[in-house]
Asks: 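Okay, handing you the structure first.
Note that ligands are numbered from 1 as they come in the structure, with each ligand's atoms numbered from 1 the same way.
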Amino acid sequence: MAESPRSPEFLTRRGVVAAAGGAGLAAVLTACGGSGSSSDDSASDTASAGAGSGGSSAPSDTSTGTQSPSGSGGSGGTPLGKTSDVPVGGGKIYDAQKVVVTQPTAGTFKCFSAVCTHQGCTVAQVSGGVIHCPCHGSGFHIADGSVANGPATAPLPAKQVTVSGGEITLA
Ligand code: FES
C-alpha cells in the first residue's frame, strides 16, 4: 500500500526526462538539417580529425620488390638447343617456344610457328619432310612451311633463328 504512489511518480519522471531528451535531439537534428550555415559543425569536425590522427600505420613499406628480376638480358634471342638435335631432312618441335626448327638440307635451318594454321593445335611430329598436325591431319613442308596436305590452307609462319657454334637461337 505504501509503495504504490512511488511507482507512478518515478515513471512519470522518467517519462519527462525522456521526452525532454527526445525533444532536444529533434531540435538539434532539425537545426543541422535545415540551415546549411553550420560553421560550428565544420570547426568541430576539423578538431576531431586532428585529435584522431592515430592512424600512423600508413602503407609506406614499399622497400620490397624494388629489384626487378629481369635476368634475361637484351642480348637477343631465346636459346633453343643444339643443331645436332635437328635431323637432316627432318625437324624438332620446341613446345615451350611453340616453334619447329627444320633442316631441309644439311646445314640449312628453318624455323616456323608450331601452331597449326587450321585450328591452332600444336604440330606434333616431323617425318617424311612434312610437319604433321595431330588434330586433323594437316601437313606442312619442312623447307618453307607451305601446306603439304589439308585441311589447313595457310602455311606455317616463318620464324627467325640464328645458328652459332652449333647452337640455335630464336631471334
Ligand atoms: Fe591442325 Fe586442324 S588444327 S589440322
Side-chain angles (χ1 to χ4, degrees), residues 29 32-39 41-171:
L29 287 173
C32 286
S35 65
S37 64
S38 59
S39 59
D41 281 347
S42 64
S44 65
D45 284 347
T46 305
S48 65
S53 65
S56 63
S57 64
S60 62
D61 189 10
T62 58
S63 61
T64 58
T66 54
Q67 293 177 347
S68 60
S70 62
S72 62
S75 59
T78 302
L80 290 178
K82 298 181 182 304
T83 55
S84 58
D85 294 337
V86 183
V88 177
K92 179 175 174 57
I93 295 160
Y94 298 88
D95 285 323
Q97 293 80 15
K98 297 280 190 193
V99 296
V100 52
V101 176
T102 62
Q103 190 176 184
T105 58
T108 301
F109 293 90
K110 302 275 189 172
C111 184
F112 307 99
S113 167
V115 178
C116 180
T117 57
H118 178 226
Q119 287 187 3
C121 288
T122 302
V123 298
Q125 183 190 1
V126 184
S127 65
V130 175
I131 303 162
H132 299 278
C133 177
C135 287
H136 311 95
S138 292
F140 305 89
H141 294 292
I142 63 171
D144 57 7
S146 61
V147 175
N149 53 278
T153 58
L156 293 177
K159 300 283 188 180
Q160 287 291 322
V161 287
T162 57
V163 177
S164 176
E167 297 286 339
I168 305 169
T169 301
L170 182 64

Asks: For Cys116, counting its heavy atoms only, list the atoms of ligand 1 lying under 4.0 Å from any of them.
Replies: 1 (Fe), 3 (S), 4 (S)
Asks: Is it true that the SG atoms of Cys116 and Cys133 are less than 2.5 Å apart?
Replies: no
Asks: Starting from the C-alpha separation in whole Å, work towards a yes-or-no answer on side-chain contact (heavy atoms from CB on, under 4.5 Å) for Thr169 and Ser164.
Replies: CA-CA 8 Å; Thr169 301; Ser164 176; over 6 Å; no
Asks: Just to verify, which of Thr83, Asp85, Val99 counts as forming a side chain to side chain contact (heavy atoms under 4.5 Å, CB included) with Lys92?
Replies: Asp85
Asks: Identify the protein heavy atom lying closest to atom 3 (S) of ligand 1, giving its residue, its atom name and the separation to 0.1 Å.
Replies: Gln119 N, 3.2 Å
Asks: Short question: side chain of Ser113, backbone of Val115 - any donor-acceptor pair under 3.5 Å?
Replies: yes
Asks: With heavy-atom distances below 4.0 Å as the criterion, list the atoms of ligand 1 near Cys133.
Replies: 1 (Fe), 3 (S), 4 (S)
Asks: Starting from atom 2 (Fe) of ligand 1, look over the N/O/S atoms of His136 and name the nearest one.
Replies: ND1
Asks: Compare all side-chain heavy atoms of Phe109 with those of Thr102 and state whether any distance is below 4.5 angstrom.
Replies: no
Asks: Side chain, backbone, both or neither: which applies to Cys121 and ligand 1 if a contact is any heavy-atom pair less than 4.0 Å apart?
Replies: both
Asks: Does some side-chain heavy atom of Glu167 sit less than 4.5 Å from a side-chain heavy atom of Pro79?
Replies: no
Asks: Please give the atom name: the N, O or S atom of His118 nearest to atom 2 (Fe) of ligand 1.
Replies: ND1
Asks: If hydrogens are left out, which of Gly120, Pro134, Ser138, Ala152 has an atom nearest to atom 4 (S) of ligand 1, that is, the closest non-hydrogen atom?
Replies: Ser138
